Amino acid sequence: MTDTTTTTPYATTDREPTDAPFEGVYPAMTTPFTDDDAVDHDQLAANARYLERAGVDGVVPVGSTGESATMSHDEHVAVIETVRDALDDIPVIAGTGSNNTAEALSLSRRAADAGADGLLLISPYYNKPEPQGFLDHYRTVADAVDLPQIVYNVPSRTGESIPADVTVELAEHPNIRGYKAASGDLNLISEVVERTRDEAFAVLSGDDGLTLPVLSIGGTGTISVVANVEPERTCAMVGAALSGDYDRARTLHHELSPLVRELFAETNPIPVKEAMHIRGRGGPRVRSPLSRLSADRRESLRELLAAYDGHAPGALDPTVADPAATGDAE
């Protein structure tokens, strides 16, 4: 793993690196597609380089935001290789989860061979395993693939939340080094933080709207959708919080909040791909069964993004970006 200190010029510079295995901002990358539905590797590489220049601490391709569920295994591996080759000095954490343990293991091995620095493994969806099933699933991959691994809890997509006892037990494994918290349950997240404090284990926000609260209770960073669109602002918020400057972190949280709401107004990654299209970072195409952002939301998203343009992090009045905040919305 490379050093994960945030390098954005907008971050608080007093933050010292810690021994947390994952710390800072890790954009959950989108996968750009061409008009004929192939992976656009040139645009993918350009997006990776853009994020690295913006100061993120690592990137996470082929996760939920990367539409991995619609990709073949060969496409999946090719995306990892393109992203790894495009970057100079930040880690690539590849999504390799599945509801089939054998498939998750195969993808994880192939990702390691493709140059991934770590793995993100969504919990088995649809099957709804018992606690022992969760333990066996994650340990199978962790025993076989010698890379740092992040357990991903997102019950809104999987149908079942990973119990805290399971996460705490998994944290004892030397290759299981983190937890992506996307349950929306701060009590659960707080319990995981509390009970893993003695382990080399990172708790990362998986909900952009809850990143600051998660950091405030001991989280170490975020795997973020909004960071694809506003990486400097996201890095500045996380850097400020990790440095203890919560006044600045709150200001940046409120700056980002209107965009976060807009990016989740329809199913992720539909809005974020449209936002990146507006910013000139690839087409808006998503693979079926998803569909392009609705026409009325495209215009509102364009207007919202224009409000951020030209404003450094910390310099934007949130009411400018979100007219509803002043009651001026039509």
Side-chain angles (χ1 to χ4, degrees), residues 1-11 22-68 70-96 107-120 145 147-150 180 204 221-235 238 268-269 272-287:
M1 296 288 292
T2 56
D3 175 37
T4 57
T5 304
T6 301
T7 56
T8 171
Y10 299 114
F22 299 99
E23 181 176 299
V25 174
Y26 296 78
M29 292 186 70
T30 62
T31 303
F33 298 118
T34 64
D35 290 341
D36 60 359
D37 222 24
V39 175
D40 186 343
H41 286 275
D42 290 341
Q43 186 63 56
L44 177 66
N47 290 346
R49 289 190 291 266
Y50 162 76
L51 292 170
E52 184 171 39
R53 289 194 303 270
V56 304
D57 298 280
V59 294
V60 183
V62 285
S64 303
T65 305
E67 297 175 79
S68 60
T70 68
M71 298 168 66
S72 71
H73 288 193
D74 287 345
E75 286 179 317
H76 194 109
V77 173
V79 165
I80 297 167
E81 290 173 339
T82 293
V83 172
R84 179 66 279 165
D85 289 346
L87 298 172
D88 291 326
D89 195 35
I90 59 172
V92 175
I93 313 302
T96 58
L107 279 171
S108 297
R109 283 172 164 157
R110 292 188 67 182
D113 290 342
D117 301 285
L119 307 175
L120 174 69
V145 183
L147 285 177
Q149 296 168 31
I150 300 171
K180 180 181 176 182
L204 301 160
T222 177
I223 296 176
S224 168
V225 174
V226 73
N228 286 288
V229 185
E230 286 285 329
E232 293 94 343
R233 213 174 298 270
T234 307
C235 287
V238 172
N268 180 50
V272 70
K273 293 193 89 168
E274 192 74 38
M276 293 179 71
H277 175 57
I278 292 168
R279 288 279 176 88
R281 300 188 192 117
R285 187 178 185 89
V286 287
R287 279 186 171 171

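Keep in mind it's a predicted model, so treat the numbers as computed, not measured. Only this structure's heavy atoms are used, side chains among them; waters, hydrogens and symmetry mates stay out.
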- Do you see a donor-acceptor pair shorter than 3.5 Å between the side chains of S72 and D74?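 Their side chains do not contain a donor-acceptor pair, so the 3.5 Å distance test is not met.
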Got [X] and [Y] here, is their nearest side-chain heavy-atom distance under 4.5 Å?
X	Y	value
V59	Y26	no
I93	F22	yes
I223	I150	yes
E81	V77	yes
E52	D89	yes
P231	V25	no

Nearest heavy-atom pair of [X] and [Y]: which atoms, and what distance?
X	Y	value
P27	A227	CG-CB, 3.9 Å
T82	H41	OG1-ND1, 2.7 Å
A116	L147	O-CD1, 3.6 Å
T65	A28	CG2-O, 3.2 Å
L87	A48	CD2-O, 3.3 Å

Polar side-chain atom of [X] near backbone of [Y] as donor-acceptor pair, under 3.5 Å:
X	Y	answer
D57	I90	no
E67	V286	no
N228	V225	yes
H76	G95	yes
R279	V229	yes
S68	G63	yes
E232	G55	no

Report task. Could you point out which residue of D40, T31, D37 forms a side-chain hydrogen bond (donor to acceptor under 3.5 Å, both in side chains) with R285? Result ->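 With R285 as partner, side-chain hydrogen bond (donor to acceptor under 3.5 Å, both in side chains) holds for just one option, D37.
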Approximate separation, where rounding is to 0.5 Å, of [X] [atom1] and [Y] [atom2]:
X	Y	atom1	atom2	result
E75	R287	CD	CZ	4.0 Å
T30	H277	OG1	NE2	12.5 Å
L119	I80	CG	CD1	8.0 Å
L204	S224	CG	OG	11.0 Å
T222	E23	OG1	CD	13.0 Å

Which residue is it: V62, V60, N47? I am looking for the one with a side-chain contact (heavy atoms from CB on, under 4.5 Å) to M29.
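Going through the options one by one, the only one that passes is N47.
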